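Keep in mind the model is a prediction, meaning the values are calculated, not measured. Lettering of chains follows the sequences in order, A, B, ..., and the numbering in each one begins at 1.
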Protein chains: 2
Amino acid sequence: MTVQQRKERDRAARHRLILATARELAEAEGWDAVTTRRLAGRIEYSQPVLYSHFGGKDEIVSAVALEGAAELTEAVHRAVHAAVPDASGTAAVRALATAYLDWARENPAVYDAIFSMSTGLRFADEATPAPLRAAFEALDEVFARVAGSADSGTLTEVAWATLHGLVTLTRAGRLPAEYAPARLEVLVDRLVGAAG
Amino acid sequence: MTVQQRKERDRAARHRLILATARELAEAEGWDAVTTRRLAGRIEYSQPVLYSHFGGKDEIVSAVALEGAAELTEAVHRAVHAAVPDASGTAAVRALATAYLDWARENPAVYDAIFSMSTGLRFADEATPAPLRAAFEALDEVFARVAGSADSGTLTEVAWATLHGLVTLTRAGRLPAEYAPARLEVLVDRLVGAAG
DNA sequence: CACGTTTTCTAGCGGCGCTAGACATGCGAG
DNA sequence: CTCGCATGTCTAGCGCCGCTAGAAAACGTG
C-alpha cells in the first residue's frame with residue numbers, strides 16, 4: 001500500500017499547491033490574471049492536470065473561497081475572544097468589525113472569491129458548507145448580545161450586510177478612505193443601539 | 001447642414017439602441033451573455049460599429065451603469081417625497097430603503113453594472129459623474145434627518161453600505177429571502193437610532 | 001525486461017475582446 | 001447625371017480564454 005499512499009500524498013500536496021498558487025496569483029494580480037494556462041505554468045504542469053484535481057476554474061475559486069471563509073471566521077473569532085474576554089457589547093462589536101474589515105482589506109482577492117465569485121456557494125441552505133455556517137455563527141455570537149428585542153439572527157444578517165457593503169463600496173472607490181474610522185464608529189454606535 | 005444633422009441624429013439613435021440592447025440582454029441572460037458579437041448581431045451591425053461609439057465593452061457597461069444610477073436616484077427620490085411629505089424619520093428611511101431594495105431587485109444586471117462592474121466609475125472624487133453624486137445626495141437628504149450627533153455624510157455612507165450589502169448578499173443566496181421584511185425593520189430601527 | 005495501467009502532455013475547438021485593411025455607400029463638385 | 005472622394009461599414013484575423021480528446025510518456029507489476 002506504500003505506493004498508493006505515496007501517490008495520494010503527492011496528489012494532496014499538488015492539490016494544495018494549486019490552491020496556494022491560485023490565491024497568490026489572485027492577490028498579486030487579480031483573479032483576471034488567474035488563467036488556467038498561467039496557473040498550470042506556475043505549478044509546472046500542463047492545463048489538464050488542473051482538471052484532474054478540479055472540475056473547472058470555478059471549482060478552484062470556490063475551494064480558495066472556502067479556505068478563506070475559515071480564515072476570516074478564525075480572525076473574527078480570535079479578535080472577539082482575545083481582545084474582549086467579557087467586555088461591553090460595544091467593544092465586542094467594534095473588535096468584530098475591525099477584524100472583519102481588516103481581514104477583507106488584507107485579503108481582497110480571497111474576499112472576492114468568497115462573496116462575489118463563488119456563485120455556487122450557498123449560505124442559509126441545507127447544502128451550506130461548514131466553514132460558511134461557522135462564519136455566520138461567529139458573527140451571531142457577538143450580535144446576540146446587543147440584539148435587544150430584535151431577532152438576533154436577523155440583526156446579524158443586517159450587520160453582516162453593513163460590513164460587506166463597507167468592504168465592497170470602499171474597494172470600488174465609492175467611499176473616501178480617510179473617513180473609514182468615522183464609519184466604524186457610526187456602525188458600532190447604530191448596530192449596538194440602546195443595548196450598548 | 002441638414003445632412004450632418006441627420007447623421008448626428010441617426011448616430012445618437014444608434015448610440016441609445018446599443019445601450020438599450022445591452023441592458024436588455026444583460027437583464028435577460030446576464031452580463032456574460034453580452035458579448036460584442038451578440039450585441040452587434042442584435043443591433044444588426046458588425047462589431048466595429050460598437051467600437052465607433054464606445055471605446056470598448058467596459059465603456060458600454062459604464063454607460064448603462066450611469067443611466068441606471070440616475071434611475072435609481074429618481075426612484076429613491078420619488079419614493080421619499082411622494083409617500084412621506086413630512087413624515088417621521090422612520091417612515092422616510094423605510095420608504096427609502098424599500099425603494100432602493102426594490103429597484104435593485106427589479107434591475108439586478110444594471111445594479112451590478114453600477115456597483116460591481118464599472119470599476120472606472122469613481123464616487124467621492126473630483127471626477128465623479130453627476131448622476132452618482134446625485135444618488136448620494138438623495139440618500140443623504142433622508143439620513144441627515146436621523147443623524148443625531150453623528151456626521152450625516154458618514155451615517156449615509158454606512159446606511160448605503162447596509163443597503164448595498166443586503167442587495168449583494170441576498171442575490172448571492174447568502175441571506176434567506178423569507179426574512180427580507182424582518183431585515184428591513186431591523187435596518188430601519190437601527191439606522192434611525194434614538195432620533196426616530 | 002516487457003507489459004499494461006495510470007498519468008501527463010500536445011494540440012486543438014469554439015468563443016472572447018478588439019482591430020487593420022478591404023470594401024461599399026452616399027455626398028458635393030463639375 | 002456622373003464622377004471622385006470621404007465617410008462609414010464589414011470581413012477576416014490576432015492573441016487570448018476555458019476546456020478536452022487522443023497521443024505520448026512514466027511507472028508499478030509479473
Residue list, side chain to side chain contact (heavy atoms under 4.5 Å, CB included) with [X], at least two apart or on another chain:
X       : value
A:Arg38 : A:Leu25, A:Glu29, A:Ala33, A:Thr35, A:Arg42
B:Leu17 : B:Thr21, B:Ile43
A:Gln47 : A:Thr36, A:Arg37, A:Ala40

| query | Does B:Arg14 have any side-chain hydrogen bond (donor to acceptor under 3.5 Å, both in side chains) partners at least two apart in sequence or in another chain, and if so, which? | reply | B:His53
| note | Taken in chain and number order and not counting sequence neighbours, the residues that satisfy ring pair (Phe, Tyr, Trp, His ring centres under 6.0 Å) with A:Phe54 are A:His15
| query | What string of B, S and - do you get for nucleotides 8-20 of chain C 5' to 3' if you count protein non-hydrogen atoms under 4.0 Å? | reply | SBB-B---BBBBB
